[in-house]
Amino acid sequence: MELRQVEYFLAVVEHEGINGAAASLGVAQPTISQALRGLERELGVQLFHRIGRGMVLSAAGRSMVGPSRQILRDVTAVEDLLATSDGALAGRLDIMAFPALAIGPLVDLVTEFRRTHPKVMVRLGELKDEAQAGSLIEDGHCEFVVAHLPLDDARLDVLELGEQEYWLVYPPGTDVPDGPVPLAALPDIPMVFVPRGHSVANEIEESIRHAGARPTLAALSDHREARLPLVLAGIGGTLLERSIAEAAQDRAVVRRAEPTIARTFGLAFDPDMLSPVGHAFVELVRAEGYSASR
C-alpha cells in the first residue's frame with residue numbers, strides 16, 4: 001500500500017466520487033481510478049460499489065476510513081516533527097465541539113496549549129450531533145470531541161470540563177417578575193423548542209413536564225442558532241445556554257429557571273488513537289485539574 005493510494009481513497013470518500021477527488025487533488029480521473037483498483041487488488045477487497053457513475057463505500061471501505069485518516073495524521077505528525085529543527089511539538093490539534101460548548105474552558109485550554117506549543121495549529125470543528133461523537137473519532141475526523149455528558153460510547157475516555165446551565169429567555173418587553181422563574185409556574189407565553197431527539201432538548205422538556213408545566217408550543221426549530229432570533233422577533237420564549245442568554249440581556253428578558261436545568265460536559269477521546277499532539281493536549285487538560293468523568 002502506498003501513501004498516495006490512501007490519499008486518493010480518502011479524497012474519493014470526502015468528495016463523494018472520483019470527479020470531485022480529481023478536481024481537489026489536481027490529478028486526472030484515470031489516475032485515481034487506477035490507484036483505487038490497485039489498492040483493492042492489494043487488499044483483496046472491494047472498497048466501493050460502482051453504481052452507474054456513482055461510488056458507494058462497501059462495508060470493507062467503511063472500515064478502512066478511520067485507519068486511513070489515522071495513517072495520514074501520523075505521517076503528517078512525523079513530517080511536522082522532522083521539519084522542526086528545535087524539536088518543538090508541531091502538528092495539528094483537531095477538536096469538534098458542540099456549538100454552545102466551544103467557549104469557556106475549551107477556549108482557555110486551547111489558548112494555554114497554543115502558548116505552550118506555538119507550532120501546533122488548532123482546528124475547531126462543529127459537532128452537530130453529539131450521538132456521533134464516537135464515530136467521528138473512530139473515522140478520523142478529529143481526535144477530540146467536546147459534548148454534553150454522558151456519552152454512550154464505552155471506547156472513549158472523558159475528562160469533565162464543567163457544567164452548562166440553561167436560562168429562560170423571553171421577547172423584549174415581556175412582563176416576567178424579577179428573580180428565578182419556577183418551572184411549575186412558567187408564564188403563559190408560547191415557547192420555541194428544539195425537537196425531541198436532541199439529548200439536551202429531551203432533558204429540558206422532561207424537566208418542564210416533571211414540574212407539571214405544559215407550555216404552548218410556538219415553534220420547533222432544528223436550527224439551534226435560530227432560537228434567539230425567533231425570541232427577539234416575538235415568536236415566544238425559550239431556554240438558552242447561560243452564556244448566550246447573558247449576552248442577550250440587553251435585547252431580551254432573561255431569567256434563571258428554578259430548579260436549575262444543567263448538563264455537565266466534557267472532552268472525549270480514544271486513548272489508543274492519539275497523536276503526539278493529542279497526548280500533549282490530554283496532559284495539559286489533566287494538569288489544569290480536569291479529571292475523568294464519573
Side-chain angles (χ1 to χ4, degrees), residues 1 6-7 9-10 13-14 43 45 47-48 56-78 89 91-102 104-106 109-110 113 117 120-164 196-203 262-294:
M1 182 189 301
V6 176
E7 292 173 332
F9 166 72
L10 286 177
V13 172
E14 291 166 0
L43 296 175
V45 296
L47 299 174
F48 295 93
V56 179
L57 277 171
S58 66
R62 285 194 298 272
S63 68
M64 185 173 164
V65 172
S68 295
R69 288 198 174 108
Q70 188 65 44
I71 288 171
L72 292 188
R73 192 190 304 278
D74 291 342
V75 169
T76 301
V78 171
L89 186 66
R92 190 170 79 174
L93 177 64
D94 278 315
I95 304 173
M96 296 187 74
F98 193 66
L101 306 179
L106 179 58
L109 289 168
V110 167
F113 190 74
H117 305 291
V120 173
M121 189 274 284
V122 179
R123 183 185 72 90
L124 285 176
E126 180 181 353
L127 177 63
K128 296 182 179 180
D129 184 354
E130 293 177 302
Q132 295 181 349
S135 62
L136 288 171
I137 291 176
E138 182 181 7
D139 288 346
H141 287 285
C142 59
E143 284 192 273
F144 300 93
V145 295
V146 177
H148 292 97
L149 303 178
L151 289 175
D152 188 20
D153 196 317
R155 298 167 300 176
L156 302 180
D157 282 5
V158 177
L159 296 174
E160 189 174 311
L161 298 181
E163 187 176 75
Q164 178 73 273
R196 288 186 64 85
H198 300 260
S199 60
V200 177
N202 293 351
E203 185 159 327
R263 284 282 298 278
T264 56
F265 63 94
L267 180 80
F269 56 95
D270 186 334
D272 295 327
M273 295 180 65
L274 291 180
S275 67
V277 169
H279 280 290
F281 187 63
V282 170
E283 290 176 5
L284 170 71
V285 175
R286 286 180 170 144
E288 292 292 319
Y290 297 102
S291 58
S293 175
R294 295 178 294 277

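One-based numbering along the sequence shown. Heavy-atom basis, side chains included; hydrogens, waters and symmetry copies ignored.
For the atom pair CG of Leu106 and CG of Leu101, the computed distance is 8.5 Å after rounding to the nearest 0.5 Å. Taking CD from Glu138 and CE from Met273, the interatomic distance works out to 7.0 Å, rounded to the nearest 0.5 Å. One distance of note links CG of Asp129 with CG of Leu136; it measures 8.5 Å at 0.5 Å rounding. Atom NE2 in His141 sits 7.5 Å away from atom CE in Met96 (nearest 0.5 Å).
Side chains of Leu267 and Tyr290 form no contact here, defined as non-hydrogen atoms less than 4.5 Å apart. You'll find the side chain of Phe98 stays beyond 4.5 Å of the side chain of Val145, heavy atoms only. You'll find the side chain of Leu57 reaches within 4.5 Å of the side chain of Phe48, heavy atoms only.
Using modelled atom types, no side-chain atom of Thr264 and backbone atom of Gly162 make a donor-acceptor pair closer than 3.5 Å. Between the side chain of Gln164 and the backbone N or O of Ala100 there is at least one donor-acceptor pair closer than 3.5 Å. In terms of modelled atom types and a separation under 3.5 Å, the side chain of Glu130 and the main chain of His148 share a donor-acceptor contact. With Glu143 contributing its side chain and Ser275 its backbone, the two residues share a donor-acceptor pair below 3.5 Å.
Leu47 approaches Met64 most closely through the heavy-atom pair CD2-SD, 3.8 Å. Pairing each heavy atom of Phe113 with each of Ala280, the nearest pair is CE1-C, 3.7 Å. Closest approach of Leu161 to Val285, counting heavy atoms only: CD2-CG1, 4.2 Å. Taking both residues in full, the closest heavy atoms of Asp157 and Pro271 are given as OD2-CG, 3.4 Å, listed atom of the first, atom of the second, then distance. Ile137 approaches Ala268 most closely through the heavy-atom pair CD1-O, 3.6 Å. For Leu127 against Ala147, the heavy-atom pair with the smallest separation is CD2-CB, 3.8 Å.
Phe281 has its ring centre less than 6.0 Å from the ring centre of Phe144.
Ion pairing between Asp270 and Arg155 fails under the 4.0 Å rule for side-chain N and carboxylate O.
In this structure Pro67 satisfies the side-chain contact (heavy atoms from CB on, under 4.5 Å) test with no other residue, sequence neighbours excluded. When the salt bridge (charged side-chain N to carboxylate O under 4.0 Å, His left out) test is applied to Glu283, no partner is found at least two apart in sequence or on another chain. Listed by chain and residue number, nothing satisfies the salt bridge (charged side-chain N to carboxylate O under 4.0 Å, His left out) test with Glu7 (two or more places apart in sequence, or in another chain).
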